[in-house]
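Notes to accompany the following structure.
Source: prediction; values computed, not measured. Start at 1 with the first residue, then count along the sequence. Read the numbers this way: they start at 1 and go in the same order the structure lists the ligands and their atoms. Note that these values count all heavy atoms, side chains included, but never hydrogens, waters or copies made by symmetry.
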Amino acid sequence: MKPLASLAALAVALAATPAMADHHEIPDEPAPTAEAASAFVEQAETELLDKSNKAGRADWVYNNFITEDTAAITAEASAAFTATVVDNAVKAARYADVEGVDKETARKLTMMRTGIVTPAPTAPGAAEQVSALTTEMQGIYGKGQGTLEGKPISGSDIEEKMGTVRDPALLKEMWVSWHDTVGTPMKGDYAKLVELMNQGAHELGFADTGALWRSNYDMDPDEFKALTERLWQEVKPLYQELHCYTRAKLNEKYGDEVQPATGPIRADLLGNMWGQQWANIYDIVAPEGAGDLGYDLTELLVEHDYDAIRMVKAGENFFSSLGFEPLPETFWERSLFVKPRDREVVCHASAWDIDNKDDLRIKMCTKVNADDFQTVHHELGHNYYQRAYNTLSPLYLNGANDGFHEAIGDMIALSVTPEYLVQIGLLPRDEVPSADKDIGLLLKQALDKVAFLPFGLLIDRWRWGVFDGSIPPEDYTKAWVDLKHDYQGIVPPVERTLENFDPGAKYHIPANVPYTRYFLSFVLQFQFFEAACKTADWKGPLHRCSFYGNRKVGEKLDAMLAMGASKPWPDALEAFTGTREISGKSLIRYFAPLTKWLKEQNKGKTCGW
Ligand code: X8Z
Ligand code: ZN
C-alpha cells in the first residue's frame, strides 16, 4: 500500500484529518473568478505537498518504531495535513461553478474534494481526534500477536504459519487468538472514527464516507458501484467452480468433522489468516497427475540462499530488464527489509515515496517464500509508478486510479513463469513443467487470483454499509461474517459474538485504506498482462507468457505510469491496452482451460453453499 506521504499531494492522501476551515465566511478569499481559481489551486498544491511530505516522514518513523512518542508525532503531523486537506476541499467547492475555469484547474478542484480518504469535521480539534484514533488502531494492529500452542506469536510469523500448519486444532487456535486479541479491542475506536469521518464527509457535501470514496473514479459514484457489480458477475461463476473443487479436496483431507462436503468452507483451512488467497494449500488441492509441478518457488528460493535483499534485487532486475532506471542508492539504505528484533514495527508491507521525488522505500518483514516474492514485486510496482510520475504537479502525483497503482507490480509478477525462473537461474531448464502440467500451474495461480475476488469486493461492501448506517456498530461483526459467508462461502472456525470485531483483524480496516482498489487491481492486472504479452508478440498460452526483458513493453508501461493521475483513468487504460473499459474478460481468457477442467471435476457435485 501507499502511505499517507506518497498519497501525497494527492488528494488521495488527503486522507487524514481536517482542520478548521469555515466555509461560511472566508474574509480574505478573493472573489471567485477563473483567475482566482487557478491561483488558489496553485497555492493549495504547494501547501498540500509540503504538509503531506511532513506527515509522511513522521508516519514512516512511526511505522518503523511504534512508541507513545512516535504515535504522538505522527498523529500531530497527520492532523495538520488533514486539516489542510479539508480546508482546501471546502474552499475548492467555492470555485466549482465559476465560469471560464480551464479544464486542468477544474479537474484539480474536483480532485481536492473527491480524493479525501479520511475526512474529518472542520470543528476545532476534530482532525486531531481522527488522527489519534487511526494512529491508536494502527498501533494495536502493528503490535498485535496471536498464539500457537499457547505461546505468543507475532503478526508476520502467524501469517506464515497459517500457510504451512495443517493441524486443524492449531489453525483454529491461531485464527481465534489473532481475531480476538487484535480485532476486539478496536471496536469502540472504529465506531467513533466512522462517526467523525461521516461528519467530515457530510460537511464536504457527500452523503457519507462511502459515497466520498466512490466519487474518486472519474465517474458517478453509483455508476462506479454498478461497475464493481458488473465485474463481479463476470468472474463469479469461475469463483464458484473453484470453491466447489477446493471444498471437496479439503473434505477429502480433513473429513466431515472438520470440513463437511457441502456448505461453506472453514476459514482457517485455506492457508491464509483471512481466507483471501489460497495458494498455500496447493499441496492439498493439487490435481492428480497434473498436480506435481516438479518445483516449489519457496523451496527454490531457500535452496538458492535467497534472503530479503536478493528477493528485492530480483524484482528490481525485472524492471531494469524493461528499461527502467535502477532504484536509487537511498532505497537500499533507507528501506526496512526484515523485521527488527528489538522494536515494534508495522509489518504489513508498504511502498513509500517520502519526498515525492526519488526517496523511494519499501517496508516489509520479508520472509523467504513465494508469497513474499510476489509481495516484493507488488511493492516495487508502487515505487516505479511513483517515480515515473514524479515531475507532474502535486495533485497528479498518483495512479490513474488506486486500482492501477495496486496492479502494476502484480502484472509484473504474472510474468514469473517457470521459463522466467530458468532465465534468472532459479530453475534448471530440464525441470520446467511440461504442457501436461498446465492445469496445475493454472490452479495454483487461481488459488491466489480467483479466490481473492469476492474478498476484494466484500471488504468495502462492508464499509459502505457501515458508512451509510445500514450496518450499525452492534452488527459490525455479524454483517462481516454474513458478507464473508455470502460472497466467499466461508465461515469462522468458531461462533463469533457481539464483543468481537473481526474486521479490525485485517490491516486495512484499522489503517483505513480503501479496499476496492484491490478488487479492481485483480481484474486490471490481467488486462494489463494480456496487453503486454500482445505487445511482446507472445504466441502460446497466456499463463506461460513472460515479457521479461521486453523494452517495447517497458516503453508502453512507462508511458502509462508517467501519466499519473493527470488524465481520467480510461485514458491511461487506453494508452496501455487500447481499450477504455475495465473488463474481466482477460482474466477469464487466462483461466479458460482451468475453468473447463474445474467444471469436469465438479460434475455430479452440488456446488454452492
Ligand atoms: O495490502 C496489500 C499490499 C500492500 S498495498 C501488500 N495487498 C492486499 C492485502 O494484503 O490484503 C496486496 C494484495 C491485497
Ligand atoms: Zn499495494
Side-chain angles (χ1 to χ4, degrees), residues 1-7 12-13 15 59 63 117 138 141-142 155-156 158-160 162-163 178 182 270-280 308 311-312 315 335-337 345-353 360-367 369-386 398-399 401-414 445 447-460 462-463 484 488 502-526 528 561:
M1 61 146 318
K2 301 173 305 146
L4 251 207
S6 20
L7 316 194
V12 170
D59 204 34
N63 272 260
V117 175
Q138 287 185 69
Y141 190 93
S156 55
I158 206 170
E159 215 176 299
E160 184 185 41
M162 288 299 293
W178 178 260
V182 177
L270 289 164
N272 176 280
M273 181 61 82
W274 306 276
Q276 66 181 66
Q277 282 161 298
W278 309 344
N280 286 329
M311 288 164 69
V312 182
S335 290
L336 179 88
F337 298 110
V345 303
V346 175
C347 271
H348 189 86
S350 51
W352 302 62
D353 181 5
L360 308 169
R361 308 177 192 178
I362 61 169
K363 184 189 57 56
M364 270 184 75
C365 300
T366 317
K367 304 268 184 191
N369 62 32
D371 270 2
D372 276 0
F373 198 64
Q374 154 78 31
T375 303
V376 158
H377 290 80
H378 176 95
E379 297 309 333
L380 291 186
H382 287 310
N383 281 152
Y384 283 94
Y385 210 155
Q386 289 159 341
N398 217 326
N401 69 39
D402 52 8
F404 280 60
H405 227 300
E406 299 302 338
I408 302 307
D410 282 15
M411 165 198 49
I412 299 287
L414 287 175
Q445 196 71 278
L447 290 169
D448 270 348
K449 302 295 182 182
V450 177
F452 181 81
L453 295 163
F455 182 83
L457 192 66
L458 77 85
I459 304 287
D460 281 353
W462 179 82
R463 272 191 293 212
K484 288 183 78 77
Q488 289 183 282
D502 289 356
K506 174 67 194 165
Y507 171 80
H508 302 72
I509 301 298
N512 202 40
V513 178
Y515 210 84
T516 307
R517 60 183 61 192
Y518 302 109
F519 175 73
L520 296 177
S521 156
F522 275 58
V523 173
L524 274 171
Q525 61 189 256
F526 286 92
F528 292 157
L561 302 188

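Listed by number with element, the atoms of ligand 1 under 4.0 Å from a non-hydrogen atom of K506 are 9 (C), 10 (O), 11 (O). Taking every heavy atom of E379 and a limit of under 4.0 angstrom, the matching atoms of ligand 1 come to 3 (C), 4 (C), 6 (C). Per-residue contacts place E406 under 4.0 angstrom from the following atoms of ligand 1 (heavy atoms of the residue considered): 5 (S). In summary, the atoms of ligand 1 found under 4.0 Å from a heavy atom of H382, numbered by their order in the structure, are 5 (S).
At least one heavy atom of A349 sits closer than 4.0 Å to an atom of ligand 1. Q277 does not count as a contact of ligand 1, since none of its heavy atoms falls under 4.0 Å from the ligand.
Under the 3.5 Å distance criterion, the side-chain polar atoms of N280 are left unmatched by any main-chain donor or acceptor of G163. Under a 3.5 Å cut-off, the side chain of D402 and the backbone N or O of H405 do not form any donor-acceptor pair. Distance alone, capped at 3.5 Å, is enough to place a donor-acceptor pair between the T375 side chain and the D371 backbone.
Each of F519, Y515, F522 was checked for a side chain to side chain contact (heavy atoms under 4.5 Å, CB included) with L457, and the lone residue meeting it is F519.
Taking all heavy atoms of H378, R517, Q276, H348 into account, the minimum distance to atom 1 (O) of ligand 1 is reached by H348. Within the set Y518, Y507, F455, Y515, the minimum heavy-atom distance to atom 9 (C) of ligand 1 is found for Y515.
Metal site remark for the Zn ion (ligand 2): H378 contributes an N, O or S atom at a distance under 2.8 Å. For residue E406, an N/O/S atom approaches the Zn ion (ligand 2) to within less than 2.8 Å.
Counting heavy atoms from C-beta outward, F337 and I362 have side chains that approach closer than 4.5 Å. Within the 4.5 Å cutoff, side-chain heavy atoms of I509 are placed close to those of R463.
The ring of F455 has its center no closer than 6.0 angstrom to the ring center of Y518.
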